There are 2 protein chains.
Amino acid sequence: MSTKTKKVTINDVARMAGVSKRTVSRVINGSPLVGEETRKRIENVIESVSFQPDKQARGLASKRSYLLGLVYDNPDALYIDQVQRGALSICSELGYELVVHPCKWHEPDFVDNCLKFIARSNVDGLLILPPVSESKLLAKALQDADHPYVRIASADLDDHDNIVISNERAAMAEIVEHLVELGHNNIAMITGPLHYYSSQERLGGFKTSAQKAGLTLADNHIVEGKNNYESGLACAEQLLSLPQRPSAIFANNDEMAAGVLRVAHTLGIKVPEQLSVIGFDDNLFASRVIPSLTTMRRPVEKLAMLATQKLVGHFQHDGISTKVETIVDPYLIKRESTAKPQDKGAATAT
Amino acid sequence: MSTKTKKVTINDVARMAGVSKRTVSRVINGSPLVGEETRKRIENVIESVSFQPDKQARGLASKRSYLLGLVYDNPDALYIDQVQRGALSICSELGYELVVHPCKWHEPDFVDNCLKFIARSNVDGLLILPPVSESKLLAKALQDADHPYVRIASADLDDHDNIVISNERAAMAEIVEHLVELGHNNIAMITGPLHYYSSQERLGGFKTSAQKAGLTLADNHIVEGKNNYESGLACAEQLLSLPQRPSAIFANNDEMAAGVLRVAHTLGIKVPEQLSVIGFDDNLFASRVIPSLTTMRRPVEKLAMLATQKLVGHFQHDGISTKVETIVDPYLIKRESTAKPQDKGAATAT
DNA sequence: TTGTATGCGTTATCAC
DNA sequence: GTGATAACGCATACAA
């Protein structure tokens, strides 16, 4: 049996409160031009019949949909849930909904695809996750079309109204510090693809921090990976077959760090006794592998919340704190894969 | 510089085609009551100005939002991306968008929370993922309110119009078969929480298949876990300290299987030589752990696609194939963690 | 401080 | 087959 009750509209509320719907509208939208007593009366009615203004109608009349779009393309998107929850915690507070748009940002019609998404969904603005957030083309297209957006990224590559940044240089400093504290002075790095700003940022941070710590970085201790498991394997093989084998390897993400663990296992190199490994992301499996992985975690949910606030601030100028943070720091999760370096002589039996 | 062009409306199209907007509307909605020639003309205009009917206006007039809601609560939601892509591949074909609603289905106001979500977002229907899909309360509430929904689940617990099922009994048969083929006859199982239908389904399937294969299942070889890593550890410790230690363990999900691997490692039990381990889900880390995990994978994307088709079929009776599959089979991914059982005597050195 | 009138872009009713 | 015209629920110039 259906208990669906006919929707109560602004007219009903107006009638019940004995005012015109214009006044009800004012109350809904928080206009100050309403008598205190009138407002109270109307608010009571709204409360008692649990009236909710219709998003469709509202949007049609005001040119706003109260929908936010989430653009992403991380295939191993473990984050996606955290992002969605973070964004929605702000959204629901402000009366917005989140419409998702997974995409393939390497395909030629990618920008067009996003533009079409905006056109057909009428989203008021876009939240853009890495790595898509690094796309200049998309940003440019959105600016040209005056479409509000905020990107979540690892480098400072936009006006601070349009971006929230994870400070990955600071992250690298923390990583180097951790390794140096443990006594490592022979550190290698598997970078991500260097056409990514995020990869450059981390490499830059790594170099700077290493230098500050008085470490010398051999050129062949820095190799470029592809941010996937397979390339982690390849790079690890390369690094671990070096005559002067590093005592610690930082991999640009956990996927590649898992590759390092695998190769070390195959070669009989013990982690962390003979080799320390650090990843980045704190993926689901980081705490599950053996040994569990020391890694950097970004405050993903917070990033999403900040980005959402910032985005809504673009087109709604009430109830929103004007200034929201732009830069947040990742933090190190210390686990089993890092330790003091030991003599890396013959691999001793189990 | 903004290149935002004024939106072209149905009126523009009507004017350009020299007809009334009612006729254009007919064409848009595929009404048969339009002259062949008129239709062609209108379609051409629509094409040439790339007109897209406005969702808001459409919704306001027709009581439909062209939005679908996605309700889920999987904290380790690796699936969520696959689900969203699967659902959207159908959605975009049909002109729908996907609005996400992560929730906490164990909180008391959960059902109410979902109902409110529907009310404020105006979604036309709900896609419900496991484990939320097992909630009787939600299903009942939706039926009572006449809200279309489709759940994705592991057991046949609803009218086939409202559900898409992953056949997990068949999955268990495949698992048992695999182990038997390898020569195991001493198999243990770590179930999920037995108040889940999915857990019961798998346990039932396991027992049935084992019996068919002529295996005897010791009572103490079946322990109930909580589907998380920690309980995987606990259950594994219990099973592996048994005098008659099993030669193979099936864990209800990969998280718990990872726990088994960890305990085996700690106890010096070699996997797969002395112990075979099978998980369920093919989580991101299943292929990354050492040894990589043999596990069952559900065709998640396909499930999502079927569910979406089914859902849209509830309120749109054209352009949709009426009958879509209801049951799909998971399949076994064989990796390193399963092998022939060997003598489990003294642990031999590496 | 409050109300009137009009419009947003579609669908739906009914007449032609 | 086709076309005026009235909803749909809300916001907003403009009045009062």
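Each chain gets a letter, A, B and so on, in the order its sequence line appears, and its residues count up from 1. Everything numeric here is computed off the predicted structure, so don't read it as measured data. The figures here come from the full heavy-atom set of this structure, side chains too, leaving out hydrogens, waters and symmetry mates.
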- Task: Look at the rings of A:Phe117 and A:His101 and say which category their plane angle falls in: under 30° parallel, 30 to 60° tilted, over 60° perpendicular.
- Result: parallel
- Carboxylate-amine/guanidinium contact A:Lys302 A:Glu325, below 4.0 Å: yes
- Going by an N to O cut-off under 4.0 Å, is there a salt bridge joining A:Glu97 and A:Lys55? yes
- Note on the structure: In whole angstroms, the gap separating P of D:dC8 from CG of A:Asn11 amounts to 9 Å
- Query: Taking 5' to 3' order, which nucleotide of DNA chain C is first and which is last to have an atom within less than 4.0 Å of a heavy atom in chain B?
  - Reply: C:dG9 to C:dT13
- Item | Salt bridge flag under 4.0 Å for residues A:Asp124 and A:Lys63 | no
- So, A:Asp159 and A:Arg151, do they make that salt bridge, N to O below 4.0 Å? no
- Query: With a 4.0 Å cut-off on heavy atoms, is B:Gln52 in touch with a base, just the backbone sugar-phosphate, or nothing at all?
  - Reply: sugar-phosphate
- Closest to the A:Leu60 side chain, choosing from D:dG9, D:dG3, D:dT2: D:dG9
- Would you mind reading off the distance between B:Asn122 atom CG and D:dC8 atom P, rounded to a whole angstrom? 15 Å
- Starting from C1' on D:dA7, measure out to NZ on A:Lys7 and report it in whole angstrom. 16 Å
- Query: Looking at CG of B:Asp156 and OG1 of B:Thr326, how far apart are the two atoms once the value is rounded to the nearest 0.5 Å?
  - Reply: 8.5 Å
- Electrostatic pair B:Lys7:B:Asp54 at N-O distance under 4.0 angstrom: yes
- Query: Do A:Tyr96 and B:Arg120 have side-chain atoms, one donor and one acceptor, less than 3.5 Å apart?
  - Reply: no
- Report, as a single string ordered 5' to 3', how protein heavy atoms within less than 4.0 Å touch nucleotides 11-16 of chain D: B base, S sugar-phosphate only, - not at all. BBB---
- Query: When the distance from CD of A:Gln56 to C1' of D:dG9 is rounded to whole Å, what number comes out?
  - Reply: 10 Å
